[in-house]
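Both backbone and side-chain heavy atoms feed into the values below; hydrogens, waters and symmetry mates do not. Quick note on labels: first sequence line is chain A, next is B, and so on, each numbered from 1.
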Amino acid sequence: MGAALRSRLAEAVARACRAETGGDAPTVSLEKPRQAGHGDLATGVAMAAAKALGERPGDLARRVAARLSEDAAARGLIERVEVAGAGFINLFLAAGGLREEVARCLREGVDYGRLAPARPERILIEFVSANPTGPLTVAHGRQAAVGDSLARILAHAGHRVSTEYYLNDAGRQIRLLGLSALARYREALGREGGIPEGGYLGGYVGEIAEEIRRREGDRWLGAPADAAAAFFAEHAAGRIGEGIRRDLEEFRVRFDRWTSEREFAAGGAVEECLRELRDGGFVYEKDGAVWFGSEALGDDKDRVLVKRDGETTYFAPDIAYHRDKFRRGFDRLIDLWGPDHHGYVARMRAAVKALGREERSFTPVIVQLTTLFRGKERLRMSTRAGEFITLRQVMDEVGVDAARYFFARMRTGSHLHFDLELARRRSNDNPVYYVQYVHARVCSIFARLPEKAPGFTLPPTDGIPLDRLGEREELDLMKRIADFPTAVERSAEALEPNGICNHLEELATAFHQCYTRHTVISDDPGLTAARLALADAVRTVVRNGLGLLGVSAPARM
RNA sequence: GCGCCCGUAGCUCAGCCGGACAGAGCGACGGAUUUCUAAUCCGUUGGCCGCAGGUUCGAAUCCUGCCGGGCGCGCCA
């Protein structure tokens, strides 16, 4: 496993820098320079460090560069070091180090890119958590894709990750759902319906009512109102919950645990939590309600936990739920929320503090909205009127691969412009296929091998003459391969799956360029073996990278 | 009014833990196929990085203000 090539180089630079500046350990960031002549990786540490020492940046850079060249650890990885500009240190990677990275990729296979962080964390990532009052929408789809990808990426980055869905199956919204379904049921039987104020108008409510009518006839017409409402609420929420699970499963999103708010609250956890907060002096009573003193902990104002009518707000059980998550031993909680929840961030942070946890152990991530387009046409949506595009419809229209890739491709905080027409298009303007095509092409090369080179057998990995790889396109490709672990590292740190997409698209470009210019299977067995190995390494990275996004890597397209 | 997010090429977006002349795809125009899948490749075209200040040797990147867009400010969830 070991550290990524780039991290090892950064470490070597830091060592050289420390030796020259006397003790200080600067954080070295190695970046890919825009211009080819500036090497494969460059750093400006010397310029930053020189200032503190009152030295000329160029002089320090030259001394660090000289020491770096002598560094035995670096020698195998770097071909040469140059000092340029005001004091940039430019590194030119040695082909030997890159070939070793290709060999490592082949050895590690599905584990390539897996990291071993100094301090692995136990992370719980909660996402989607949509109320079971309607089918998952496109907005939930994006949260599902981002959350599941993040879970995979963080796990690949060496953390212990669990995923969880908090099923909000209690409270006013569920009661409204039940009353809405009951109204549709009555209407279907020719009675006065009366969807309540703020009720659910979507067609699925009528379908659920119709199902009950078919199965149970009109027996609920005469039942006591409370009993009927409770039955319809539970039945409808259950049905919708099943649909949600089914859709997520098909979307390749897996949860380690589903927590039912109703069951959770029934266990007394909410009261226990309130007691703890009260004992800590964070709770007081006013106007007949119970309040949480969140303003003193950084929120805009204090928040109600228990309403005057005795019922808890959404917030109270949610604090208890987060308390429970911490108590289950997680170091870090990540919550994915929609943009309508950003006002919720400060109060939950306050709650985390009141629970005696460090602020950094809780990371809310706001997943921005998605606006759907079909070509130029913007698809309007209104949840209240029950008019929205569901995740199911998107999956059916563009497929799981394209949907997941599109959702993961933009930065999480940016508004997503999702064009269904583009996602469905099977052409080169669709980035999913651009990346998947690499995998299919490599598979095709291997499939044609017996026919194109009869009798050729691929030697074991350590017997392949990787030193035959030296063309510019091949070296570029090797650099991209070697960069995959860094992409995993950065995506995990930033909690942004789009880093994986960017990396894969760059790798794909490098591969297609190499493929166009150099034939893999030739009369030269050594060269053929080396190029097959390179192609296989590319395939490995594509498969692993797409795997982190929950996107398939097809053998044929 | 207060708070959060966004503002980069005609379009969709990267880049944003500060670095060397700002990137990709699409679009438009022109090329490449006796070779392992043309869902590919090559070239041309195209940008006061919203505006104005500040910090810095150096700012698309950090800070402040403004403008524009989205969202939130319930004893709703």
Between [atom2] on [N] and [atom1] on [X], what's the gap in Å once rounded to a whole number?
X: Glu473(A); N: C42(B); atom1: CD; atom2: C1'; answer: 12 Å
X: His38(A); N: A20(B); atom1: NE2; atom2: P; answer: 9 Å
X: Met410(A); N: A24(B); atom1: CE; atom2: P; answer: 17 Å
X: Glu505(A); N: C41(B); atom1: CD; atom2: C1'; answer: 17 Å
X: Arg378(A); N: U12(B); atom1: CZ; atom2: P; answer: 12 Å
X: Glu82(A); N: A20(B); atom1: CD; atom2: P; answer: 17 Å
X: Lys32(A); N: A22(B); atom1: NZ; atom2: P; answer: 19 Å

(request) With sequence neighbours left out, write down each residue that passes side-chain hydrogen bond (donor to acceptor under 3.5 Å, both in side chains) with Asp302(A), or none if nothing qualifies. (result) Tyr284(A)
Give [X] one of three labels, base, sugar-phosphate or nothing, depending on what nucleic acid heavy atoms sit under 4.0 Å from its own.
X: Met557(A); value: base
X: Ala555(A); value: base
X: Arg56(A); value: nothing
X: Ala494(A); value: nothing
X: Ala447(A); value: nothing

(message) I need the Leu379(A) CG to Ile389(A) CD1 distance, nearest 0.5 Å.
(response) 5.0 Å
(request) Working to the nearest 0.5 Å, report the span between CD1 of Ile244(A) and OG1 of Thr133(A). (result) 7.5 Å
(message) Using a 6.0 Å cut-off, check whether atom CD of Glu234(A) has over 12 heavy atoms from anything other than its own residue.
(response) no
(message) Take a 6.0 Å sphere around CZ of Arg56(A) and say whether it holds more than 12 heavy atoms from other residues, nucleotides or ligands.
(response) no
(message) Checking Asp401(A) against Gln436(A): is there a side-chain donor and acceptor pair closer than 3.5 Å?
(response) yes
(message) Looking only at side-chain N and O atoms, does Tyr321(A) offer a donor or acceptor that is under 3.5 Å from a partner on Glu164(A)?
(response) yes
(message) Nearest to the Tyr437(A) side chain among A38(B), A20(B), A14(B), which nucleotide is it?
(response) A38(B)
(request) Kindly point out which of A20(B), A39(B), C13(B) is positioned nearest to the side chain of Asn90(A)? (result) A20(B)
(request) Determine, stepwise, if the pair Phe362(A) / His322(A) fulfils ring-ring contact (aromatic ring centres under 6.0 Å, His included). (result) CA-CA 9 Å; Phe362(A) 170 65; His322(A) 282 74; 5.8 Å; yes
(message) With nearest nucleotide decided by heavy atoms, which residue, Thr43(A) or Thr509(A), maps closer to the 5′ end of RNA chain B?
(response) Thr43(A)
(message) Is the shortest side-chain heavy-atom distance between Pro132(A) and Ile174(A) below 4.5 Å?
(response) yes
(message) Taking the side chain as everything from C-beta on, heavy atoms only, tell me whether Val438(A) gets closer than 4.5 Å to Leu507(A).
(response) no
Please measure how far the [atom1] atom in [N] lies from the corresponding atom in [M], and state the result in whole Å.
N: A22(B); M: C66(B); atom1: P; answer: 30 Å
N: G10(B); M: G58(B); atom1: C1'; answer: 32 Å
N: U34(B); M: C51(B); atom1: P; answer: 49 Å
N: G15(B); M: G23(B); atom1: C1'; answer: 7 Å
N: G27(B); M: C11(B); atom1: C1'; answer: 7 Å
N: U33(B); M: C49(B); atom1: P; answer: 41 Å
N: U8(B); M: G3(B); atom1: P; answer: 24 Å
N: C63(B); M: G1(B); atom1: P; answer: 23 Å

Extract from the structure each pairing of a protein N or O with an N or O of nucleotides 5-10 of chain B at less than 3.5 Å, listing the distance.
| unit_1 | atom_1 | unit_2 | atom_2 | d |
| --- | --- | --- | --- | --- |
| C5(B) | O2' | Gly413(A) | O | 3.0 |

(message) Both conditions, 6.0 Å and 45 degrees, for the charged tip of Arg539(A) above the ring of Phe446(A): are they met here?
(response) yes
(request) Can you sort out which residues in residues 510-525 of chain A have a heavy atom within less than 4.0 Å of RNA chain B? Ascending by number, please. (result) His512(A), Gln513(A), Tyr515(A), Thr516(A), Arg517(A), His518(A), Thr519(A), Val520(A), Ile521(A)
(message) Once ring pair (Phe, Tyr, Trp, His ring centres under 6.0 Å) is applied, do any residues pair with His415(A), and if so which ones, sequence neighbours excluded?
(response) none
(request) Not counting sequence neighbours, which residues clear ring pair (Phe, Tyr, Trp, His ring centres under 6.0 Å) with Tyr437(A)? List them please. (result) His512(A)
Donor-acceptor pairs under 3.5 Å, side chain of residues 406-414 of chain A to any protein atom, not counting sequence neighbours: which ones?
| unit_1 | atom_1 | unit_2 | atom_2 | d |
| --- | --- | --- | --- | --- |
| Arg409(A) | NE | Glu505(A) | OE2 | 2.8 |
| Arg409(A) | NH2 | Glu505(A) | OE1 | 3.0 |
| Thr412(A) | OG1 | Glu496(A) | OE1 | 3.0 |

(message) Could you spell out the base pairing of RNA chain B as a dot-bracket line? Use Watson-Crick and G-U wobble contacts where both distances are under 3.5 Å, [ ] for crossing pairs, | for partners on a different strand.
(response) (((((((..((((.....[...))))((((((.......))))))....(((((..]....))))))))))))....
List, with names and distances, any nitrogen or oxygen atoms from the protein found under 3.5 Å away from nitrogen or oxygen atoms belonging to nucleotides 54-62 of chain B.
| unit_1 | atom_1 | unit_2 | atom_2 | d |
| --- | --- | --- | --- | --- |
| A60(B) | N6 | Arg34(A) | NH2 | 3.0 |

(request) Keeping to residues at least two apart or across chains, list the ring-ring contact (aromatic ring centres under 6.0 Å, His included) pairs with something in residues 514-541 of chain A. (result) Phe511(A)-Tyr515(A)
Can you list, pair by pair, the side-chain donor-acceptor contacts under 3.5 Å of residues 338-352 of chain A, counting residues two or more places apart and other chains?
| unit_1 | atom_1 | unit_2 | atom_2 | d |
| --- | --- | --- | --- | --- |
| His342(A) | ND1 | Pro339(A) | O | 2.9 |
| Tyr344(A) | OH | Asp318(A) | OD2 | 3.0 |

(request) Tell me whether Phe88(A) is stacked on the nucleobase of G19(B), counting only the six-membered base ring and applying the 5.5 Å and 30° thresholds. (result) no
Under 3.5 Å between N/O atoms: give me all the protein pairs with nucleotides 72-77 of chain B, atom names plus distance.
| unit_1 | atom_1 | unit_2 | atom_2 | d |
| --- | --- | --- | --- | --- |
| C73(B) | O3' | Lys301(A) | NZ | 3.4 |
| G74(B) | OP2 | Lys301(A) | NZ | 3.3 |
| C75(B) | O2 | Arg308(A) | N | 2.7 |
| C75(B) | N4 | Asp287(A) | O | 3.2 |
| C76(B) | OP2 | Lys307(A) | NZ | 2.9 |
| C76(B) | O2' | Arg172(A) | NE | 3.4 |
| C76(B) | O2' | Arg172(A) | NH2 | 3.1 |
| C76(B) | O2' | Gln173(A) | NE2 | 3.4 |
| A77(B) | OP2 | Tyr314(A) | N | 3.0 |
| A77(B) | O3' | Asn168(A) | OD1 | 2.2 |
| A77(B) | O2' | Asn131(A) | ND2 | 2.7 |

(request) Please list, chain by chain and in numerical order, all residues satisfying side chain to side chain contact (heavy atoms under 4.5 Å, CB included) with Ala354(A), sequence neighbours excluded. (result) Leu277(A), Phe282(A), Phe292(A), Leu297(A)
(request) Indicate yes or no for a side-chain donor-acceptor contact from Asp287(A) to the backbone of Ala289(A) under 3.5 Å, with no hydrogens or angles considered. (result) no
